[in-house]
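Chain identifiers are assigned alphabetically (A, B, ...) following the order of the sequence lines, protein sequences preceding nucleic acid strands; residue numbering begins at 1 within each chain. Everything numeric in this text was worked out from a predicted model, so none of it was measured.
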Protein chains: 2
Amino acid sequence: MKLSTKARYASRALVDLALQYGKDPVKLKDISARQDISLKYLEQVMYPLRVCGYVKTQKGSKGGYILARSPKEVTLLEIVECVEGSISPVECADNPKLCKRADCCSTHLAWVGLKDAIVRELGKITLADLAGKHLLLNK
Amino acid sequence: MKLSTKARYASRALVDLALQYGKDPVKLKDISARQDISLKYLEQVMYPLRVCGYVKTQKGSKGGYILARSPKEVTLLEIVECVEGSISPVECADNPKLCKRADCCSTHLAWVGLKDAIVRELGKITLADLAGKHLLLNK
DNA sequence: TATATATCCTATAACTTTAGTAGAAAAAGC
DNA sequence: GCTTTTTCTACTAAAGTTATAGGATATATA
């Protein structure tokens, strides 16, 4: 039940971008330095976030990344699911047809409940929340 | 954020045992057949559950496994943690010292919240709940 | 006491995922 | 044209997952 480093790095990178929201594009090199994440790896982490529309990019000199949506509108749930795929702890919670026992299996119900709890928790945390907390912790 | 098959198999095996609670020892061979889990793999899954004291065993002919505690007292959280280790989605939620950023990192707080949500959800589901649901679903 | 049965324990192997490196192409600003 | 930065693909090493296999040990019963 571990979160991948990709999901953790993506979350930290987007909080970093949220703190610069409305300003000039942010170079990955800078995020890489601030967050202690390899630039080359960070590039790969950002890729799906751009495809999903969470960030926009500008190439070349003076280029970089900017948040494509308001920090208030982006939740951790979206970020994690964009990078990792479904947050569901078991395949059958997303698609009961994958398991022939799903309709008579009491643990199936429990895993669905677990998934719902995770979705509720991550779905209520926005980048704006995290950016605000960051400012509190680092003032 | 996937649950391992070991955790899922362990849960199903213990629900199976809960349904026979108070009766004779149950052979792994029977659980294996009912649950469609390889006998040899199931042996490995059960091993930590015995070490943690969730099941007792009797060797030899007429032997098998029995639940060592009342189904009402055993939660999914305990089962998953026994088999997988900590349920925490990130190492730093269990031990902040593992990450030097922990005390100034807003995502750290979010992951701790996520862990708490998971612990709350799995901690409230007992084997008795699951056995009861099983009987409802299969009557 | 011999036999059948079941658990116990360790080793190993195939497969998948994770985490990261590398390099070159493409675009943009100066 | 040069520098900077993103873009895209390929590759690799290490770790984790999901099993299978075989023999040792213990127990009930004939």
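- Of the candidate nucleotides D/dT29, C/dA6, C/dC8, C/dC8 has the atom lying nearest to any side-chain atom of B/K59.
- For D/dG16, the OP1/OP2 oxygens have no side-chain nitrogen or oxygen of B/S4 closer than 4.0 Å.
- Contact between the side-chain N/O atoms of A/S61 and the OP1/OP2 oxygens of D/dT5 is not found at any separation under 4.0 Å.
- At least one side-chain heavy atom of A/E78 sits less than 4.5 Å from a side-chain heavy atom of A/T75.
- Residue A/Y47 places none of its side-chain N or O atoms closer than 4.0 Å to OP1 or OP2 of D/dT7.
- When all heavy atoms are compared, the tightest approach of A/L127 to A/A18 is CB-CB, 4.2 Å.
- A donor N or O paired with an acceptor N or O is found under 3.5 Å between the base of C/dT21 and the side-chain atoms of A/Q44.
- With the nearest nucleotide of DNA chain C identified for both A/L3 and A/E43, A/L3 has the one nearer the 5' end.
- Regarding contacts with the backbone of D/dT5, every side-chain N or O of A/T57 stays at 4.0 angstrom or more from both OP1 and OP2.
- One can place CD1 of A/I31 at 8 Å from P of D/dT6, the figure rounded to the nearest angstrom.
- At a threshold of 4.0 Å, the pair B/K100-A/D36 counts as salt-bridged, since one of the basic side-chain nitrogens sits closer than that to a carboxylate oxygen.
- Atom NZ in A/K6 sits roughly 18 Å away from atom P in D/dA15 (whole-Å rounding).
- Atom CD1 of B/I37 and atom C1' of D/dT20 are 16 Å apart (whole Å).
- In this model, a side-chain donor or acceptor of B/K40 finds a partner on the base of D/dG22 within 3.5 Å.
- OP1 or OP2 of D/dT6 has not a single side-chain nitrogen or oxygen of A/R50 nearer than 4.0 Å.
- Straight-line distance from the CE atom of A/M46 to the C1' atom of D/dC8: 16 Å, rounded to whole Å.
- Protein atom OH of B/Y65 is 9 Å distant from nucleotide atom C1' of C/dA6, rounded to whole Å.
- For A/Q58, taking side-chain heavy atoms from C-beta onward, the closest of the listed nucleotides C/dC9, C/dG20, C/dA28 is C/dA28.
- Distances shown here put every side-chain N or O of B/R8 at or beyond 4.0 Å from the OP1 or OP2 atom of D/dT17.
- A/L109 and B/V80 end up in different hydrophobic clusters when Ile, Leu, Val, Met, Phe, Trp and Tyr side chains are linked at under 4.5 Å.
- For the OP1/OP2 pair of D/dT12 and a distance below 4.0 Å, the side-chain nitrogens and oxygens of A/Y41 include no atom meeting the criterion.
- In this entry the distance linking NZ of B/K2 with P of D/dG16 reads 19 Å, nearest Å.
- At the phosphate of D/dT5, OP1 or OP2 sits under 4.0 Å from a side-chain N or O atom of A/K27.
- Closest heavy-atom contact between B/G53 and B/A68: O-CB, 3.3 Å.
- Following rounding to the nearest Å, A/L42 (CG) and C/dG20 (P) show an atom-to-atom distance of 11 Å.
- Here A/Y9 reaches the OP1 or OP2 of C/dG20: one of its side-chain N or O atoms lies under 4.0 Å away.
- A straight line from CG of A/L39 to C1' of D/dT6 spans 10 Å, rounded to a whole angstrom.
- Salt bridge annotation for B/K72-B/D129: absent, with no cationic side-chain nitrogen under 4.0 angstrom from a carboxylate oxygen.
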